[in-house]
Structure formats: structure tokens, C-alpha cells
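What you see below is based on every heavy atom in this structure, not just the backbone, and it leaves out hydrogens, waters and symmetry mates.
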Amino acid sequence: MRIMFAVPCYWPSQDGVTIITSYLAGGLAAKGHDVFVLTSAGNGGLQELPEEDVHEGVAITRMRIHTRWPLYIKGRDKKSTKTVYRNAVKDFAPDVLVVVCSQTWTLDWIMPCLKKLDCVKIFYSHGYSAWKTDVSYGGFLKKLDAVGAWAAYKADRYYKKLHRYIRLFDRTIYLSEDSNAAVYAEQFGLTNGKVLKNAIDDRFFSEEMRHSYEKKECVSYLFVANYNENKNQEMLIRAFAAAKIGKSRLILVGFEENAYYDYLREVIREKLDGQPDKEVQFSIHVSRDKVLDLYRTSDVFTCSSLSENYPIVAHEAAAVGMPIISTNVGIYERIDGAYIVEDTEQMRQAMEELYHDAGERARRGRAAYEWVCGQGCRIKDKVDWMERDMEMQLKRRRK
């Protein structure tokens with residue numbers, strides 16, 4: 001099959017959307033399919049990456065697109081427009097087109113063309129972070145925030161119409177049964193959806209990755225997420241700074257520097273001044289092997305996100321037996337042993353408890369590992385399922 005993925009971010013990024021799309025695209029290429037990925041360079045199209053690339057047998061073309069959804073989506077040059085995107089689909093002539101994510105150019109720019117595309121169309125949803133069942137503009141208006149009110153209005157209009165376009169796909173894929181995208185589908189009577197839960201690189205399950213929970217002179221807290229306000233790394237920094245702990249390290253792994261990254265640097269200078277035993281370590285543009293090493297050598301996985309759906313990093317942390325502290329988002333509350341917190345103060349308390357009690361780290365880490373072993377998280381199974389479903393949809397279309 002000729003398979004095309006349109007995805008807002010891809011290798012060498014290390015965010016959840018990239019990781020999932022990469023193992024599916026690479027897995028299908030390894031099975032002998034002709035796989036092409038159209039994506040955007042990072043940092044709003046400003047990152048310096050080759051326009052054409054090949055990774056793990058997958059041909060990649062990168063555009064340079066700046067998205068401030070729902071206010072605007074715009075290309076930074078003449079090779080990064082909706083016309084170029086649509087022509088790329090036409091020129092590749094895929095048997096299967098996989099559109100990844102809403103609220104960005106991958107879906108929004110192709111929606112008007114869906115009826116005309118003579119191929120299997122799959123929409124791979126990673127959740128609808130801007131979908132609200134009850135929209136209120138009062139808070140924006142009280143603050144005289146006309147831009148915020150306009151953005152809320154446009155997002156509301158978008159989701160009132162989105163279901164019409166989702167019906168035009170042969171298949172829609174959700175990350176879990178209770179993701180807000182699946183809830184949206186139920187509310188609007190959409191019947192083309194299936195759940196394909198996230199998978200984990202087999203290396204995470206290897207014995208050499210498994211935690212041993214010994215007492216350490218320096219305890220490391222890890223969070224793997226791009227630097228942005230939704231991931232809310234500021235909360236982690238403030239809790240870490242306030243925690244009554246000794247020699248320790250907070251490791252934040254993101255893809256690239258940006259304005260929020262610069263802001264976090266300022267928070268660190270303000271809050272950690274005079275605390276030499278505490279270190280905040282930023283990692284950017286790290287390889288996948290380096291990410292695995294950080295999971296292996298860090299002690300506690302932390303998540304401070306304001307919203308999540310079915311984050312793969314949660315499963316990766318559980319697979320190596322890491323104890324987890326997280327805000328009450330996404331799948332985290334279902335992970336056995338996860339320490340769920342509601343605010344910065346509770347995050348501080350959790351950091352302190354797991355710093356001082358290696359036994360508690362062991363209990364929570366082992367519980368998380370046992371939980372993830374029952375989730376069916378192997379990559380091969382997901383790639384095989386995706387291939388079978390594509391072939392089935394293709395046969396239906398050709399009848």
C-alpha cells in the first residue's frame with residue numbers, strides 16, 4: 001500500500017504525537033509499504049531541519065507552518081501552504097491517507113477536500129483540548145480580553161461543525177474509550193471510530209531498564225514533555241523549589257527552546273537562588289536513546305499537565321517501574337500506585353515523601369509496572385492492527 005501520514009510534528013521531535021506516529025509509520029514501512037510523512041518543522045516552523053529527509057524507511061517532507069489555533073494557521077514560505085499540502089496528497093496518490101490531530105493544519109486545511117479524495121481516509125485523533133460543552137465568554141469580557149473571547153468563539157464554532165467532517169473518514173482512531181474525542185463521537189452519533197491504545201518501545205520492558213529503588217544521595221525527578229503552558233512545567237519548578245529535600249535534580253526533557261522555555265529559566269533564577277543542592281536540568285533535541293537512559297537513571301516520573309488524554313510517557317514510566325506523581329489528567333489516575341495531586345502544594349508534599357522514602361518509591365513503582373503489563377502495550381500488535389484495518393477499509397472501497 002501507498003500510505004501517507006499528515007502529522008503536525010514528527011522525528012526528531014520526542015513528543016507523544018511524534019512517538020506514536022513514528023512507530024506506526026516506521027512499522028508499516030518495515031512491512032514493505034511505501035510510507036510518506038508530510039509534517040512541519042518545530043518551533044512554529046522556525047527550527048532548522050531538512051526539507052526532505054528519510055528516517056527508518058519513511059520518506060519525510062517538512063513544511064514551515066506557524067499555528068496559533070484557532071486564531072490562525074499560516075505558512076512561513078511559499079512551500080508551506082494549504083495548496084502545497086493538497087497537491088502533495090494528489091501527487092503521492094495514496095491508497096491510505098492518515099490525518100493526525102485536529103486543531104491544526106493537518107486536518108483544517110484538508111477538510112474542504114475530503115469528499116473529493118479517492119482513497120481510504122483515516123483520522124487519528126489525539127484528543128480535543130479546546131472542545132468545551134459549555135462555553136462562557138464572561139470571564140474574557142470581564143478582563144477585557146477580546147482576543148480570548150474571539151478564540152473561544154471560534155473554537156466553539158469549530159467543534160459544532162467538526163463532526164460533519166469526521167463522518168467523511170473511513171475510520172477514526174481514538175486513544176481510549178473515554179478520551180474526550182470518543183465522548184464527542186458518542187454525543188454526535190459518529191460510528192466510524194475504533195480505539196487503538198498507545199504502545200511502548202519494547203526496550204522499556206527490558207531488564208536493564210527496570211528500577212531497583214535503592215537509596216540514593218541524589219534523587220532525580222523526570223518529566224518528558226514539550227515546553228508549553230499546557231504541560232505546566234512551572235508548577236514542577238515551584239514545587240521542587242519549595243520542597244524540603246536535600247541533594248536532588250529535576251530533569252525537564254522537551255524538544256526545543258521557545259518563549260515558555262525562557263520563562264521557566266526566569267522562574268528558576270527566582271525560586272532556586274540560594275539552594276545549591278537542587279538542580280534543574282533542561283534537555284532539548286535529545287536522541288531516543290538518551291531519553292531511554294533518563295528513564296532508566298531517574299527516580300520519580302512527574303507530570304504537571306493541565307490536560308492530557310492517553311499520554312504515552314505515562315506508560316513508558318510505568319514500564320520501567322518508576323513511581324509516578326501527576327496532576328489528575330488523562331490516564332494517570334488509573335495507574336496503580338500513581339500519586340495524584342491537585343495543586344503545587346500537593347506536588348511539593350509528594351516530592352518530599354518519595355524523596356525521603358525509598359520503600360514508598362519501590363511500592364508505587366512496582367504497582368505501576370504490574371498495571372502496565374496488563375495493558376497490551378506492544379508496538380508490533382498496534383502496527384499489525386493498523387495494517388489489517390487499512391487493508392479492510394481498502395477492500396471495502398474497491399468493491
Side-chain angles (χ1 to χ4, degrees), residues 14-24 100-103 124-131 172-186 193-202 204-205 209 211 221-226 228 230-233 235-236 253 291-292 295 298 300-343 346-347 350 354 361 363-379 381-382 385-386:
Q14 293 293 336
D15 60 282
V17 171
T18 293
I19 293 167
I20 294 166
T21 308
S22 294
Y23 70 61
L24 290 172
V100 184
C101 291
S102 61
Q103 300 179 196
Y124 206 117
S125 168
H126 283 258
Y128 305 149
S129 61
W131 177 47
T172 298
I173 297 176
Y174 307 117
L175 299 180
S176 69
E177 297 88 345
D178 55 358
S179 71
N180 66 349
V183 173
Y184 178 93
E186 183 177 0
K194 291 287 185 180
V195 171
L196 182 61
K197 294 181 179 180
N198 290 344
I200 306 169
D201 188 324
D202 284 342
F204 281 93
F205 287 99
M209 291 290 292
H211 279 231
Y221 303 87
L222 174 69
F223 188 28
V224 180
N226 286 337
N228 61 60
N230 182 61
K231 301 304 181 182
N232 195 25
Q233 287 94 339
M235 175 187 183
L236 284 179
V253 180
V291 172
L292 264 78
Y295 275 104
S298 301
V300 180
F301 189 85
T302 54
C303 171
S304 50
S305 296
L306 300 176
S307 66
E308 293 282 357
N309 280 285
Y310 202 80
I312 193 169
V313 293
H315 296 74
E316 291 173 343
V320 300
M322 290 184 81
I324 296 170
I325 307 171
S326 176
T327 47
N328 192 8
V329 294
I331 198 72
Y332 284 101
E333 67 174 351
R334 296 188 178 184
I335 300 175
D336 291 344
Y339 202 136
I340 303 301
V341 301
E342 298 294 338
D343 53 31
Q346 290 184 12
M347 178 68 76
L354 296 189
R361 294 203 302 270
R363 184 187 73 79
R364 291 181 180 272
R366 289 173 183 142
Y369 175 75
E370 292 297 326
W371 172 85
V372 80
C373 285
Q375 298 302 303
C377 292
R378 302 289 180 170
I379 286 177
D381 296 336
K382 310 302 180 184
W385 183 94
M386 194 78 168

For atom CZ of Arg363, decide whether the heavy atoms of other residues, nucleotides or ligands shown that lie under 6.0 angstrom number more than 12.
yes
Can Arg366 and His211 be said to form a side chain to side chain contact (heavy atoms under 4.5 Å, CB included), step by step?
CA-CA 9 Å; Arg366 289 173 183 142; His211 279 231; over 6 Å; no
Using a 3.5 Å distance criterion without hydrogens, assess whether the side chain of Asn198 forms a donor-acceptor pair with backbone atoms of Ile20.
no
Show the nearest heavy-atom pair for residues Met322 and Phe301, with the distance to one decimal.
CE-N, 3.4 Å
Tell me every residue that passes ring pair (Phe, Tyr, Trp, His ring centres under 6.0 Å) with Phe204, counting only those two or more places apart in sequence or in another chain.
Tyr295
Please report the closest heavy-atom contact between Tyr174 and Ala185, naming both atoms and the distance.
OH-CB, 3.1 Å
State, yes or no, whether a side-chain contact exists between Cys377 and Val372 at a heavy-atom distance under 4.5 Å.
yes
Is Ser304 reaching over with its side chain to a backbone N or O of Lys231, donor-acceptor style, under 3.5 angstrom?
yes
Criterion side chain to side chain contact (heavy atoms under 4.5 Å, CB included) on Leu196 and Met386, from CA distance to verdict
CA-CA 9 Å; Leu196 182 61; Met386 194 78 168; 4.2 Å; yes
Rounded at 0.5 Å granularity, tell me how far OG1 in Thr302 sits from CG in Leu236.
4.5 Å
Can you confirm whether Tyr124 sits close enough to Leu24 that some side-chain heavy atom of one is under 4.5 Å from a side-chain heavy atom of the other?
yes
Whether the side chain of Asp343 engages the backbone of Gln346 through a donor-acceptor N/O pair (distance < 3.5 Å, no angle test) should be reported.
yes
Atom pair NE2 (His126) and CD1 (Ile312), whose distance is rounded to the nearest 0.5 Å
9.5 Å
Does any non-hydrogen side-chain atom of Asn328 lie less than 4.5 Å from one of Glu342?
yes
Evaluate the side chain to side chain contact (heavy atoms under 4.5 Å, CB included) criterion for residues Tyr332 and Ile324: first the C-alpha distance (whole Å), next the side-chain angles of each, then the deciding distance (0.1 Å), finally the verdict.
CA-CA 8 Å; Tyr332 284 101; Ile324 296 170; 3.8 Å; yes
Separation of Asp15 CG from Asn228 CG (nearest 0.5 Å):
9.5 Å
Is the backbone of Leu354 close enough, under 3.5 Å, to the side chain of Arg361 for a donor and an acceptor to pair up by distance?
yes
Is the closest side-chain heavy-atom distance between His315 and Ile331 below 4.5 Å?
yes
Quick one: does Thr327's side chain have a donor or acceptor within less than 3.5 Å of a partner on Ser305's backbone?
yes
What distance do Asp202 atom CG and Met209 atom CE have between them, rounded to the nearest 0.5 Å?
12.0 Å
All heavy atoms of Tyr369 vs all of Ala319, minimum pair found to be CD1-O, 3.3 Å
Straight-line distance of Ile335 CD1 to Gln375 CD, nearest 0.5 Å:
8.5 Å
For residues Val341 and Ala350, report the shortest heavy-atom separation together with the two atoms involved.
CG1-CB, 4.1 Å
Looking at Trp371 and Gly337, would you say the former's side chain and the latter's main chain have a donor-acceptor pair under 3.5 Å?
no
Quick check: do Met347 and Ile325 have side-chain heavy atoms less than 4.5 Å from each other?
yes
Does Glu316 reach the side chain of Val224, with side-chain heavy atoms less than 4.5 Å apart?
no
Answer whether the closest heavy-atom distance between the side chains of Val183 and Trp131 falls below 4.5 Å.
yes
Side chains of Arg378 and Phe205 in contact at under 4.5 Å (non-hydrogen atoms):
yes
Kindly say whether Gly127 contributes a backbone atom to a donor-acceptor pair with the side chain of Ser125 at under 3.5 angstrom?
yes
Whether the side chain of Glu333 engages the backbone of Ser326 through a donor-acceptor N/O pair (distance < 3.5 Å, no angle test) should be reported.
no
Mind running side chain to side chain contact (heavy atoms under 4.5 Å, CB included) on Val195 and Tyr310 for me, showing each step along the way?
CA-CA 11 Å; Val195 171; Tyr310 202 80; over 6 Å; no
Minimum-distance pair of heavy atoms, taken over all atoms of Gln103 and Ser129:
NE2-OG, 3.1 Å
Once rounded to the nearest 0.5 Å, what's the spacing between atom CG of Leu306 and atom CG of Asn232?
4.5 Å
Judged by atom type as modelled, is there a donor-acceptor pair below 3.5 Å linking the side chain of Asn180 to the main-chain atoms of Tyr128?
yes
